[in-house]
Amino acid sequence: MSNTINIGIIGSGGIAAAHVRAYKEMPDVKIVAVADVIPGKADQFIEQLDLKDAKGFDDHLELLKMDIDGVSVCTPNVAHHNTSIDSLYAGKHVLVEKPMAVTLDQAIEMVEASHKTSKILSVGFQPRYDPNMQAVKEIVQSGQLGNVYYVQTGGGRRRGMPGGTFINKSLAGAGAMADIGCYSLDLALNALGYPRPLTVSAYTSNHFGTNPIYHREADKFEVEDFGVAMIRLEGGIVLNFKISWAMHMDSLGPTLFLGSDAGLKLTPAGSGPWSGVWDGGIGSINLFHDIKGHHVETSIPVQEHKINIFYEKVRDFVVSIKEGKPAPIPGDQIVINQAIIDGILRSSEQGSEVNISIPEFSISS
Ligand SMILES: NC(=O)c1ccc[n+]([C@@H]2O[C@H](COP(=O)([O-])OP(=O)(O)OC[C@H]3O[C@@H](n4cnc5c(N)ncnc54)[C@H](O)[C@@H]3O)[C@@H](O)[C@H]2O)c1
């Protein structure tokens, strides 16, 4: 492999531009091709983003005939599966945007393709590069909480419903649960070492998206804007996961990890009294930040400069290609995230708890 990594972009919408901006900062990367199903859109994108060396295609299969090392899959969720699989079988490494896929079966097929081809399948969760998220994992994995038996997580937007492809069930697969919920799930599961889910009991609703008072595309709104689930994980852990795109409330509460020796609370900076580890003793809270988000007493290093987590995720993909390393955020692991979302949708539809079954992949944490 030459020192330059040749990259292709599949899907030239909003997030593709963010990928391109990151790649353009890397002197050892060349974007050689862009594909989009809308005729002429890839060429327009190439012009707008000043990608002089890139060729535009209306079909990703044509792009895959080129000498390309890796692709960024930036299509709507529904096309993550076929474009990733085609890319892997064409011998390209894949960085696929979140959520990994629309169904669990699709995610499983994607992982199988990456195993068969020995190519990287990495999922684009940029918060993994946030030092706060890394600190959470470090604390949970250090054992200082003892046995973690309960986790609650999931963010809530008061008014934050997207439109277009995001609310079309056949294109997005799911709504808030998959769109922003997959990040919260990744925060909790990554800290816990991605334990396997056993069962899911869930409820979802869309009182806001389907109401023209709250959404201008209410007649087209087919997904959930709110959901809550209780997930039993292996190891006797229970995960309470909730998410909303819209609600009549300011927050769905902090993320909590309850352990047998101590608890960890994550309050978004500026929205709560504290974040940190508490062992129940008065005055024993180890603070991460105060009410204004200022860092207070803690052993976790303060970041002197702001990290561009999106750049870091794209760079890590490139470095893994160059150095022959495994996927930074492996599909093998994120298939568990997809299994939970799949279970939530099934449980909510059936109105009862469902079992989760995933093939025995080697899950790396
Ligand atoms: N990581 C993040 O921060 C982040 C942020 C926003 C969106 N996303 C994810 O990125 C993906 C794309 O979101 P977006 O906002 O850019 O959507 P978008 O609708 O702006 O762009 C998607 C593009 O893909 C094209 N497309 C559709 N099917 C295709 C196919 N089979 N082959 C080639 N092109 C195809 C569409 O024509 C469109 O131009 C979604 O999965 C979304 O969840 C991630």
Side-chain angles (χ1 to χ4, degrees), residues 4-102 121-126 160-173 178-180 215-217 220-223 308-315 317-318 321:
T4 302
I5 299 295
N6 286 344
I7 292 289
I9 307 283
I10 302 180
S12 60
I15 209 60
H19 282 250
V20 166
R21 279 193 292 274
Y23 286 126
K24 280 178 99 174
E25 282 187 47
M26 303 175 203
D28 53 352
V29 168
K30 200 159 121 187
I31 297 175
V32 296
V34 178
D36 198 292
V37 277
I38 298 177
K41 191 169 178 191
D43 286 330
Q44 226 177 348
F45 181 87
I46 286 169
E47 203 180 310
Q48 275 163 3
L49 286 140
D50 197 21
L51 296 171
K52 290 186 196 72
D53 299 320
K55 280 189 78 172
F57 299 98
D58 299 341
D59 182 345
H60 70 279
L61 294 173
E62 293 300 314
L63 172 147
L64 293 174
K65 290 179 186 162
M66 290 189 65
D67 177 17
I68 284 174
D69 301 301
V71 296
S72 278
V73 169
C74 302
T75 66
N77 306 346
V78 72
H80 288 184
H81 167 249
N82 72 313
T83 54
S84 295
I85 286 186
D86 290 343
S87 302
L88 290 164
Y89 283 120
K92 322 298 184 200
H93 299 288
V94 172
L95 171 60
V96 60
E97 262 306 336
K98 50 56 59 179
M100 182 173 174
V102 164
L121 173 66
S122 196
V123 184
F125 284 124
Q126 66 270 15
M161 292 179 286
T165 58
F166 287 80
I167 60 169
N168 177 318
K169 194 158 171 55
S170 67
L171 293 178
D179 179 41
I180 50 175
H215 205 293
R216 62 190 149 72
E217 294 175 273
K220 299 197 185 88
F221 199 98
E222 299 169 348
V223 293
N308 179 344
I309 57 174
F310 203 97
Y311 172 85
E312 294 299 327
K313 104 171 166 185
V314 179
R315 183 64 199 165
F317 173 60
V318 170
I321 296 176

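In this text, all values refer to a predicted model and were calculated from it rather than measured experimentally.
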Check K98 with D179, please: is the shortest side-chain N to carboxylate O separation under 4.0 Å? yes

Please check if the number of heavy atoms outside K55 that lie under 6.0 Å from its NZ is greater than 12. no

Quick check on E25: does its CD atom have over 12 non-hydrogen neighbours (other residues, nucleotides or ligands) under 6.0 Å away? yes

Looking at Q126 and E312, would you say the former's side chain and the latter's main chain have a donor-acceptor pair under 3.5 Å? no

Within a 6.0 Å radius of atom NZ on K220, are there more than 12 heavy atoms belonging to other residues, nucleotides or ligands? no

Could you go through the side-chain contact (heavy atoms from CB on, under 4.5 Å) check for L64 and V71 one step at a time? CA-CA 9 Å; L64 293 174; V71 296; 4.2 Å; yes

Atom of S12, atom of V34 and distance for their closest heavy-atom approach: CB-CG1, 3.8 Å

Look up atom OG1 in T83 and atom CG in D59, then write down how far apart they are to the nearest 0.5 Å. 11.0 Å

Let me see the working for T75 and H60 under side-chain contact (heavy atoms from CB on, under 4.5 Å), right down to the final yes or no. CA-CA 11 Å; T75 66; H60 70 279; over 6 Å; no

Once rounded to the nearest 0.5 Å, what's the spacing between atom CG of D86 and atom NE2 of H81? 9.0 Å

Lys/Arg N to Asp/Glu carboxylate O, E62 vs K65, below 4.0 Å: yes

Which pair of heavy atoms, one from V102 and one from A172, lies closest together, and at what distance? CG2-O, 3.8 Å

Here the pair of heavy atoms bringing S87 nearest to I10 is OG-CD1, 3.6 Å

Verdict with reasoning, I5 to I7, per side-chain contact (heavy atoms from CB on, under 4.5 Å): CA-CA 6 Å; I5 299 295; I7 292 289; 4.0 Å; yes

Treating K92 as the side-chain partner and G8 as the backbone partner, does any N or O pair qualify as donor plus acceptor under 3.5 Å? no

Is the backbone N or O of I68 less than 3.5 Å from a side-chain atom of N6, with the two atoms forming a donor-acceptor pair by type? no

What I'd like to find out is whether the side chain of H19 reaches to under 4.5 Å of the side chain of L95, using heavy atoms alone. yes

Check step by step if side-chain contact (heavy atoms from CB on, under 4.5 Å) holds for R21 and V314. CA-CA 10 Å; R21 279 193 292 274; V314 179; over 6 Å; no

Non-hydrogen side-chain atoms of F166 and V223 separated by less than 4.5 Å: no

Write down the atom of S122, the atom of F317, and the distance for their closest heavy-atom approach. CB-CD1, 4.5 Å

Heavy-atom closest pair, residues L63 and I9: CD1-O, 3.6 Å

Treating H80 as the side-chain partner and P99 as the backbone partner, does any N or O pair qualify as donor plus acceptor under 3.5 Å? yes

Electrostatic pair K52-D50, nearest N-O below 4.0 angstrom: yes

Rounded distance (nearest 0.5 Å) linking atom CD of E97 with atom NZ of K313: 3.5 Å

State, yes or no, whether a side-chain contact exists between L121 and M100 at a heavy-atom distance under 4.5 Å. yes

Apply salt bridge (Lys or Arg N to Asp or Glu O under 4.0 Å) to the pair D69 and K30, showing each step before the final yes or no. CA-CA 10 Å; D69 301 301; K30 200 159 121 187; over 6 Å; no

Is there a side-chain contact between V318 and Y23 (heavy atoms, below 4.5 Å)? yes

Return yes if some donor-acceptor pair links the side-chain N/O of E222 with the main-chain N/O of K169 below 3.5 Å, else return no. yes

Kindly give the heavy-atom pair with the smallest separation between A33 and A54, and that separation in Å. N-CB, 4.0 Å

